[in-house]
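Below is one structure, written out as structure tokens; comments come after it.
Here is how names work: the chains are called A, B, and so on, in the same order as the sequence lines, proteins then strands, and each is numbered from 1.
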There are 2 protein chains.
Amino acid sequence: MNQLKEALDTLKDTGVRITPQRHAILEFLISSMSHPTADEIYKALEGKFPNMSVATVYNNLRVFREVGLVKELTYGDSSSRFDFVTTQHYHVICEKCGKIVDFHYPGLDEVEHLAAHVTGFKVSTHRMEIYGTCPECSGKEVH
Amino acid sequence: MNQLKEALDTLKDTGVRITPQRHAILEFLISSMSHPTADEIYKALEGKFPNMSVATVYNNLRVFREVGLVKELTYGDSSSRFDFVTTQHYHVICEKCGKIVDFHYPGLDEVEHLAAHVTGFKVSTHRMEIYGTCPECSGKEVH
DNA sequence: AAAATAAATTATAACAATTATAATATAAGA
DNA sequence: TCTTATATTATAATTGTTATAATTTATTTT
Ligand SMILES: [Mn+2]
Ligand SMILES: [Mn+2]
Ligand SMILES: [Zn+2]
Ligand SMILES: [Zn+2]
């Protein structure tokens, strides 16, 4: 139920200290319901933490990733985005405005198995994203 | 049959000048049968073109991408890799050594359609990769 | 509760991949 | 061959991220 409390328990269980900065970053990730970049988090919290270093944001996002609280979504040259992990899901991304929408779909187990069989890899995970144009951006088009 | 000739024709048809550097980069991409980074291409050709700028490699890879000759494979913070496009395929990537292996599998049309239906996006494409450990890296493990 | 110590934060510098800039060189058509 | 738009080069700039070292803070030990 209380996602923040659960996240803090995870930190405690894994021996990660709970600092005000970590608390605030987690709080923001959970409440924002989006997929912010490190810099967006940094800027969102600079009112509350005027002296927080951007390195702290990066460091803590890495810590959260390592204990499984967040997933890092990486894209070519641009900034990583961070997703507070609840359940397995994929993403649909707008090529016009960059919006990221959650997309629930069963995991592609069959594909993983075939890949393992064909290539001899020990498969651990996969990545899948859908790209296109969101309804808002489609609406703006000239007809 | 002759992939290089076809590629050069594509350049001619789209009004892109054929320079020795472009010729050499294409030749390397086709013959290497791998997924090199811009820097790997740059280093591979520095014998033949001691004065070639790394910017030339980047510029031309972008040109090739724009006319559909190559696909850019992007990964978080590390360098993009470039794939001379022949047929649609996916990639299996070793998390230990970084090796990239082609994996032929029918396109995930069903997933694209469902995503379009559920999110209202106009879907244009998708990305899918399998991660794991390659046979060589698995063999090296201590038992 | 105070002291000790291990970990986290900050400020800043460094880094690596990529792109921008401006001068020079060249491919391709007239 | 001449012309001109385009490409290349050398270099600087930019951006996202990580490393470093000093300072601060959370937790453990006394
Ligand atoms: Mn998500
Ligand atoms: Mn490939
Ligand atoms: Zn959009
Ligand atoms: Zn490997």
Side-chain angles (χ1 to χ4, degrees), chain A residues 7-28 35-67 69-82 98, chain B residues 7-28 35-67 69-82 98:
Chain A
L8 294 174
D9 284 346
T10 301
L11 291 187
K12 202 176 282 180
D13 293 348
T14 49
V16 174
R17 290 186 182 170
I18 294 158
T19 64
Q21 293 89 340
R22 286 180 176 162
H23 195 283
I25 293 170
L26 276 177
E27 213 170 20
F28 179 77
H35 306 86
T37 64
D39 201 59
E40 283 167 4
I41 297 170
Y42 174 65
K43 289 208 164 66
L45 299 179
E46 71 181 356
K48 215 182 240 178
F49 297 88
N51 296 319
M52 184 166 62
S53 170
V54 71
T56 297
V57 179
Y58 278 102
N59 288 340
N60 288 334
L61 287 169
R62 183 173 56 234
V63 168
F64 296 160
R65 171 161 53 77
E66 284 166 357
V67 302
L69 286 176
V70 305
K71 263 197 176 171
E72 182 173 359
L73 314 175
T74 64
Y75 305 102
D77 43 349
S78 53
S79 312
S80 286
R81 295 188 162 275
F82 295 87
Chain B
L8 293 173
D9 284 348
T10 301
L11 292 188
K12 203 175 280 179
D13 292 351
T14 48
V16 174
R17 289 185 183 171
I18 294 159
T19 65
Q21 292 89 341
R22 284 179 178 163
H23 194 283
I25 293 170
L26 276 177
E27 215 170 19
F28 179 76
H35 306 85
T37 63
D39 201 60
E40 284 167 2
I41 297 170
Y42 174 66
K43 289 207 163 65
L45 299 179
E46 71 180 356
K48 216 182 233 174
F49 296 88
N51 297 317
M52 182 165 65
S53 171
V54 71
T56 298
V57 178
Y58 278 102
N59 288 340
N60 289 333
L61 287 169
R62 182 171 58 235
V63 169
F64 296 160
R65 170 161 53 77
E66 284 166 359
V67 302
L69 285 177
V70 305
K71 264 197 174 169
E72 183 174 359
L73 315 175
T74 64
Y75 305 102
D77 43 348
S78 54
S79 314
S80 286
R81 296 189 163 272
F82 295 87

Measure the CG-CD distance between B:Leu26 and B:Gln21 for me, rounded to the nearest 0.5 Å. 12.0 Å

Among residues at least two apart in sequence or on other chains, which ones pass salt bridge (Lys or Arg N to Asp or Glu O under 4.0 Å) with B:Lys43? B:Asp39

At under 4.0 Å between heavy atoms, what does A:Thr56 touch on the DNA or RNA strands: base, sugar-phosphate, or nothing? base

For B:Glu66, give me all partners under salt bridge (Lys or Arg N to Asp or Glu O under 4.0 Å), at least two apart in sequence or on another chain. none

Under the salt bridge (charged side-chain N to carboxylate O under 4.0 Å, His left out) rule, what pairs show up with a residue in residues 52-62 of chain B, not counting sequence neighbours? none

Which value, rounded to the nearest 0.5 Å, describes the distance between A:Arg22 atom CZ and A:Asn59 atom CG? 8.5 Å

Of all heavy-atom pairs linking B:Val57 and B:Ala38, the shortest is CG1-O, 3.5 Å

Could you give the CG-to-P distance, from B:Leu26 to D:dA7, as a whole number of Å? 14 Å

Pairs of donor and acceptor atoms involving the side chains of residues 7-16 of chain A, under 3.5 Å and at least two apart or interchain, shall be tabulated with distances.
{"from": "A:Thr10", "atom 1": "OG1", "to": "A:Glu6", "atom 2": "O", "distance (Å)": "3.0"}
{"from": "A:Thr14", "atom 1": "OG1", "to": "A:Thr10", "atom 2": "O", "distance (Å)": "2.8"}
{"from": "A:Thr14", "atom 1": "OG1", "to": "A:Leu11", "atom 2": "O", "distance (Å)": "3.1"}

How long is the line joining NZ of B:Lys12 and P of D:dT6, in whole Å? 18 Å

Listed by chain and number, what are the salt bridge (Lys or Arg N to Asp or Glu O under 4.0 Å) partners of B:Arg81, not counting sequence neighbours? B:Glu40

Where along residues 57-65 of chain B does a heavy atom fall under 4.0 Å from DNA chain D? B:Asn60

From B:Glu72 atom CD to B:Leu61 atom CG, the distance as rounded to the nearest 0.5 Å: 8.0 Å

Which residues pass the salt bridge (Lys or Arg N to Asp or Glu O under 4.0 Å) test with B:Lys48, sequence neighbours left out? B:Glu27

Please report the shortest heavy-atom distance between A:Ile25 and A:Phe64, naming the atom on each side. CG2-CE1, 3.7 Å

Taking any atom under 4.0 angstrom from a heavy atom of chain A, which nucleotides of DNA chain C are the first and last to qualify, 5' to 3'? C:dA6 to C:dA11

Looking only at heavy atoms, the pair that brings B:Ser80 and B:Thr74 closest together is OG-CG2, 3.7 Å

Atom pairs, protein N/O to nucleotides 25-30 of chain D N/O, distance under 3.5 Å:
none

Starting at the 5' end of DNA chain C and moving along, which residue's nearest nucleotide shows up first, B:Ser53 or A:Pro50? A:Pro50

Enumerate the residue pairs fulfilling ring pair (Phe, Tyr, Trp, His ring centres under 6.0 Å) with a member in residues 36-63 of chain B, sequence neighbours excluded, ordered by first and then second residue. none

If the helix axis at each end comes from five base pairs, how far does the helix from C:dA1-D:dT30 to C:dA30-D:dT1 deviate from straight, to 10°? 30°

Can you sort out which residues in residues 36-46 of chain B have a heavy atom within less than 4.0 Å of DNA chain C? Ascending by number, please. none

Grab the CD-P distance between B:Glu66 and D:dA7 for me, whole Å please. 11 Å

Once you round to the nearest 0.5 Å, how far does CE of A:Met52 lie from CG of A:Asn60? 8.5 Å

If you compare all heavy atoms of B:Phe82 against all heavy atoms of B:Val70, which two are closest, and at what distance to 0.1 Å? CD2-CG2, 4.3 Å

